[in-house]
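I have placed the structure first, in the form of structure tokens, so that the comments after it can refer back to it.
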Amino acid sequence: MLFDDVMRQRRSIRAFKPDPVAESVVRELLATAACAPSGTNIQPWKVHVVAGEVRERLEREVLAHRELSPDDAGSEFPRSGQRKEPYRSRMRALGKDMYGRIGIPKGDQAAGWAQWGRNYRFFDAPVGLIFTLDKDLDAMSFLDVGMFMQSFMLAAKAKGLDTCAQGAWNNYWTVTRRVLSVPDDEYIIAGMSLGYADDSHPVNGVISEREPLESFAVLHGFE
Ligand SMILES: Cc1cc2nc3c(=O)[nH]c(=O)nc-3n(C[C@H](O)[C@H](O)[C@H](O)COP(=O)(O)O)c2cc1C
């Protein structure tokens with residue numbers, strides 16, 4: 001695929017087929033993603049890749065914890081749940097489209113809770129990734145991990161695979177830390193699902209709109 005096609009065709013996929021992804025493919029994607037740039041080339045990204053029995057155990061333990069302690073959601077590093085405009089409207093538009101497609105009415109908290117919980121099943125993808133970062137690094141390193149994640153998602157798309165980046169995985173981090181033996185001096189910053197899209201599932205019909213260039217770019221000094 002041409003780069004522009006890969007970029008434009010990648011979308012967040014939230015329902016996967018059970019078809020497995022070979023370890024060799026995962027290794028190749030990781031090696032490609034590691035070509036991502038990082039400030040002063042420190043390459044701060046760290047990633048746990050889970051499949052099979054380990055993935056099942058992680059999902060089981062996180063979901064059990066979530067049922068017992070639903071309020072134990074929140075990341076280890078500062079994050080704001082509040083969004084001002086125009087971000088709030090964009091976030092709501094995504095939620096409206098997504099929940100509308102899968103028939104969850106506004107205000108149905110139980111159904112919303114269950115759907116959000118699918119994050120912790122990696123949306124049934126055969127492979128999950130958990131990204132961590134040394135705690136003594138700064139905001140620039142979060143950018144570096146983001147670049148690694150996007151590079152990974154594009155490399156996957158180019159091979160016919162699909163992904164969903166998942167901030168949801170920085171919730172219930174105590175469980176993820178324990179199951180994957182993540183050291184205390186690393187933040188669990190995000191997760192990602194990897195696999196083959198189930199194109200028959202309505203949730204995968206979500207198309208997140210983008211704002212026109214004029215709304216985010218200011219071009220200076222052009223003739
Ligand atoms: C850092 C980050 C965290 C995200 N976290 C979640 C998540 O926890 N669950 C989810 O379903 N989607 C998550 N997404 C996917 C976004 O909702 C999605 O990227 C956005 O709506 C744009 O849609 P697109 O990826 O299909 O282009 C996340 C994306 C990013 C970049």
Side-chain angles (χ1 to χ4, degrees), residues 3-16 33 36 44-47 50 58-59 62-63 66 70 73-81 83 86-102 104 111-125 127-133 139-158 161-173 175-176 187-199 201-213 215-216:
F3 175 75
D4 268 26
D5 294 334
V6 175
M7 190 73 192
R8 289 174 191 280
Q9 286 177 26
R10 183 214 57 80
R11 288 187 293 117
S12 292
I13 290 302
R14 298 182 179 89
F16 289 83
W45 42 74
K46 293 185 181 181
V47 54
V50 296
L58 177 63
E59 294 176 2
V62 168
L63 285 167
R66 185 175 182 255
S75 68
E76 251 184 312
F77 51 89
R79 278 196 67 182
S80 162
R83 297 273 187 273
Y87 312 117
R88 184 186 309 176
S89 297
R90 294 176 193 166
M91 186 172 81
R92 286 191 174 158
L94 170 68
K96 192 169 173 220
D97 184 24
M98 190 161 75
Y99 289 109
R101 282 174 194 273
I102 50 183
I104 297 181
W113 170 260
Q115 172 60 26
W116 189 250
R118 288 188 42 71
N119 271 288
Y120 307 106
R121 294 187 191 283
F122 293 106
F123 301 114
D124 297 326
V127 176
L129 295 93
I130 299 291
F131 298 90
T132 71
L133 179 69
M140 198 60 77
S141 298
F142 280 80
L143 294 184
D144 297 336
V145 178
M147 293 197 197
F148 181 90
M149 290 173 67
Q150 168 74 335
S151 301
F152 187 94
M153 292 192 283
L154 295 178
K157 188 74 221 172
L161 283 148
D162 289 288
T163 53
C164 184
Q166 294 173 266
W169 278 98
N170 62 43
N171 293 329
Y172 313 113
W173 51 269
V175 184
T176 306
Y187 287 130
I188 293 166
I189 56 178
M192 188 184 291
S193 301
L194 171 72
Y196 296 93
D198 174 357
D199 293 321
H201 198 293
V203 78
N204 289 336
V206 170
I207 300 199
S208 300
E209 299 292 342
R210 295 300 193 271
E211 297 297 317
L213 201 147
S215 74
F216 64 86

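Remember, predicted model here, so these are calculated numbers, not experimental data. For ligands, and for the atoms within them, numbers begin at 1 and follow the listed sequence.
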Under 4.0 Å from ligand 1 - residues by heavy atom, chain and number
Arg10, Arg11, Ser12, Arg14, Leu94, Trp116, Asn119, Phe123, Cys164, Ala165, Gln166, Gly167, Ala168, Ser208, Arg210
Can you confirm whether more than 12 heavy atoms, excluding those of Tyr87, are under 6.0 Å from its OH atom?
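12 or below, so no.
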Is it true that, when you exclude Arg101 itself, more than 12 heavy atoms of the residues, nucleotides or ligands shown sit nearer than 6.0 Å to its CZ?
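Yes, because the 6.0 Å sphere around CZ of Arg101 holds more than 12 heavy atoms from other groups.
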Just jot down the salt bridge (Lys or Arg N to Asp or Glu O under 4.0 Å) partners of [X], sequence neighbours excluded, or say none.
{"X": "Arg90", "answer": "Glu211"}
{"X": "Arg88", "answer": "none"}
{"X": "Arg118", "answer": "Asp124"}

Evaluate the criterion ring pair (Phe, Tyr, Trp, His ring centres under 6.0 Å) for residue pair Phe122 and Trp169; output intermediate values, then yes/no.
CA-CA 10 Å; Phe122 293 106; Trp169 278 98; 4.6 Å; yes
